[in-house]
2 protein chains.
Amino acid sequence: MATHSKRTKIEDIRRVELIAAAHRVFLEHGLHGMTSARICREAGMSPGILAYYFKGKDEVLFGMVRYNNRLLMEDVIARLKAARTGWERLEAIVEGNFPASAFTRPIANAWLSVCAEAGVNPQYARLQRLFYRRLRSNLASVFDGAAAESRLREASFIIAALIDGLWLRKAAADDLGRDEAISLVFSGISSLLGDGEERRLRHPAV
Amino acid sequence: MATHSKRTKIEDIRRVELIAAAHRVFLEHGLHGMTSARICREAGMSPGILAYYFKGKDEVLFGMVRYNNRLLMEDVIARLKAARTGWERLEAIVEGNFPASAFTRPIANAWLSVCAEAGVNPQYARLQRLFYRRLRSNLASVFDGAAAESRLREASFIIAALIDGLWLRKAAADDLGRDEAISLVFSGISSLLGDGEERRLRHPAV
DNA sequence: CAGAATCTTGTATGAGCATACAAAATTCTT
DNA sequence: AAGAATTTTGTATGCTCATACAAGATTCTG
């Protein structure tokens, strides 16, 4: 029908606006403080609007998490494409996990609240697992050319856990900055890899 | 007055029973699922009893967190006393952070839910910070004799973050066991410390 | 044992929230 | 512009939960 394209357009606009608003509320107040009313207020709309464009709050929520993950991943993927050496790919992954000006206590807390919810809600757990699998396989693919097979799983496990732990620490104590966190991760990587392995990564052969 | 000793006794008993029940509920359902009604049911009492023995739910909650931390710390402290070499002290700290048969997905989730809450509630944040300071200073005191001054802060930072990250991973993916986690931490420690440093730790001179 | 003190129960109240929905406002169609 | 389709609003409903409290049960005291 003729009206179809128009209707779809408005609907898509509103959905995106609401999800973006939800994202802002989420980053500021965490999952728990992300109420329907607040989302609508943040979007400058009336409280009832959510029910019109979404089946329920969960739909907004999952949309928001996907939105968030997409934002994070875009950066990593772009940098991975541009990388010429294994080391550069490593930098892309590690720094992508500490997005500039997003390594903040409120954001760390927000992320943490999702992890906590994932323990209860299987839907969240699924999203979370997807995200982790990607990080891990990215790391593994970089180490692949450089490290001994036996260390591969171990090293990417440790680095992935280290990254998470630093975020957690950011949330709990807020006593380290982004650059410091990144340099700690590289410090860990350098220790885990032998000198030869690290040298191989710096070689421009992907 | 004459009745004082008796009243105090019952009151103490009930408070402990309720806090222990709260702890059990907490480990099973996380912070969010720890409702007043569930705590009382778990303790085999009526729903109204909480208000009689506690000023509010928060009091039960903080009592429960303290109870939990005490349980964890007792084990670590006992093992630290018995340790003869620096390496043994390290083992006490690391293994104390993965209590036997407590490295479980529900428990990891429960712990995570406290971390998330600490981001919102300053009271929790205080308890959390206390706990972290202790872990960190324990680690630092072990490394103290063995590692170069410049690496000391860095290494204890990394190991503390690694431990947290492994718990987080347990909550998110549940794809590693207690022994595996511990061996990953030691693997990280070995990499971070030079051979000489590690050898010094194994020497029985505390 | 009677009466008082203490303990325990079950329920009532009210706050905060997601969701449903009727009615108002806007936009589209002809 | 009139009427239809849609979008938006504000509010009502019902749920879960913490907390308050009246009334009942138990234990203590003399």
Side-chain angles (χ1 to χ4, degrees), chain A residues 1-23 25-26 28-65 113 116-117 120-121 123-124, chain B residues 1-23 25-26 28-65 113 116-117 120-121 123-124:
Chain A
M1 49 191 92
T3 60
H4 179 67
S5 69
K6 186 66 181 194
R7 182 175 67 214
T8 298
K9 195 112 165 247
I10 276 269
E11 191 173 322
D12 284 354
I13 289 171
R14 288 291 173 271
R15 284 176 66 101
V16 170
E17 283 176 339
L18 283 167
I19 284 179
H23 189 240
V25 171
F26 163 68
E28 189 172 0
H29 299 286
L31 205 52
H32 184 72
M34 195 181 73
T35 77
S36 298
R38 253 211 272 257
I39 293 170
C40 295
R41 183 146 25 87
E42 173 71 28
M45 306 179 197
S46 135
I49 203 77
L50 261 186
Y52 186 72
Y53 285 113
F54 295 90
K55 218 181 65 178
K57 196 193 170 190
D58 280 359
E59 204 183 332
V60 190
L61 245 148
F62 297 136
M64 187 274 289
V65 172
S113 65
E117 185 66 19
V120 180
N121 191 325
Q123 298 259 49
Y124 275 72
Chain B
M1 48 192 92
T3 61
H4 180 67
S5 70
K6 187 66 180 193
R7 182 174 66 212
T8 298
K9 194 109 166 249
I10 276 270
E11 190 172 324
D12 284 353
I13 289 172
R14 288 292 173 270
R15 285 176 66 101
V16 170
E17 282 176 340
L18 284 167
I19 284 178
H23 189 240
V25 172
F26 164 68
E28 190 173 0
H29 299 286
L31 205 52
H32 184 70
M34 194 181 72
T35 77
S36 298
R38 253 212 272 257
I39 293 171
C40 295
R41 183 146 26 89
E42 173 70 30
M45 306 179 198
S46 137
I49 203 76
L50 261 186
Y52 186 72
Y53 285 111
F54 295 90
K55 217 181 66 179
K57 196 192 169 190
D58 280 359
E59 204 184 333
V60 189
L61 244 146
F62 297 136
M64 188 276 289
V65 173
S113 65
E117 185 65 19
V120 180
N121 191 326
Q123 298 259 49
Y124 275 71

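First the proteins, then the strands, lettered A, B, ... as listed; each starts at 1.
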Subject >> Distance in angstrom units between Leu18(B) CG and dA18(D) P, rounded >> reply: 14 Å
Under 3.5 Å, sequence neighbours excluded: what are the donor-acceptor pairs made by side chains of residues 56-63 of chain B?
residue	atom	partner	partner atom	Å
Lys57(B)	NZ	Met34(B)	O	3.0
Glu59(B)	OE1	Lys55(B)	N	2.7
Glu59(B)	OE2	Arg15(B)	NH1	3.3
Glu59(B)	OE2	Arg15(B)	NH2	3.1

Original post:
Can a side chain N or O of Tyr52(B) be found less than 4.0 Å away from OP1 or OP2 on dC7(C)?
Top reply: yes
**OP:** Return the value, rounded to whole Å, for the distance between atom CD1 of Ile13(A) and atom P of dT26(C).
**Re:** 18 Å
Original post:
Whole-Å distance between dT26(C) P and Ile10(A) CD1?
Top reply: 14 Å
Original post:
Could you state the interatomic distance from CD1 (Ile39(A)) to CE (Met45(A)), rounded to the nearest 0.5 Å?
Top reply: 11.5 Å
Original post:
Separation of Glu17(B) atom CD from dC7(C) atom P, in whole Å?
Top reply: 13 Å
**OP:** Could you state the atom-to-atom distance from CZ of Arg14(A) to C1' of dT26(C) in whole Å?
**Re:** 11 Å
**OP:** In whole angstrom, give the distance that lies between atom CD of Glu11(A) and atom P of dT27(C).
**Re:** 18 Å
**OP:** Estimate the overall bend of the helix from dC1(C)-dG30(D) to dT30(C)-dA1(D) from the end axes over five pairs each, rounded to 10 degrees.
**Re:** 10°
**OP:** Take nucleotides 16-21 of chain C nucleotide by nucleotide from the 5' end and write B, S or -, depending on whether a protein heavy atom sits under 4.0 Å from the base, only from the sugar-phosphate, or from neither.
**Re:** -SSS--
Original post:
How close do Pro47(B) and Cys40(B) get, heavy atom to heavy atom, and via which atoms?
Top reply: O-SG, 3.6 Å
Original post:
Contact class for Phe54(A) (heavy atom, under 4.0 Å): base, sugar-phosphate, or nothing?
Top reply: nothing
Original post:
For the residue pair Ala116(A) and Ser113(B), what are the closest heavy atoms and their distance?
Top reply: CB-CA, 4.0 Å
Subject >> Interatomic distance, Met45(B) CE vs dT11(C) C1' [rounded to whole Å] >> reply: 19 Å
**OP:** Output the distance between atom CZ (Phe54(B)) and atom CD1 (Ile19(B)), rounded to the nearest 0.5 Å.
**Re:** 4.5 Å
**OP:** Report the distance from atom CD of Glu59(B) to atom P of dA18(D), rounded to the nearest whole Å.
**Re:** 15 Å
**OP:** Select one nucleotide: of dG10(D), dT8(C), dT9(C), the one nearest the side-chain heavy atoms of Tyr53(B).
**Re:** dT8(C)
**OP:** Supply the atom-to-atom distance Thr35(B) OG1 to Leu50(B) CG, rounded to the nearest 0.5 angstrom.
**Re:** 9.5 Å
**OP:** In sequence, state the C-alpha distance, the side-chain angles, and the governing distance for Arg41(A) and Val25(A), and then conclude on side chain to side chain contact (heavy atoms under 4.5 Å, CB included).
**Re:** CA-CA 10 Å; Arg41(A) 183 146 25 87; Val25(A) 171; over 6 Å; no
Subject >> CA sep, side-chain torsions, deciding dist, call: Tyr53(A), Ile10(A), side chain to side chain contact (heavy atoms under 4.5 Å, CB included) >> reply: CA-CA 10 Å; Tyr53(A) 285 113; Ile10(A) 276 269; 3.6 Å; yes
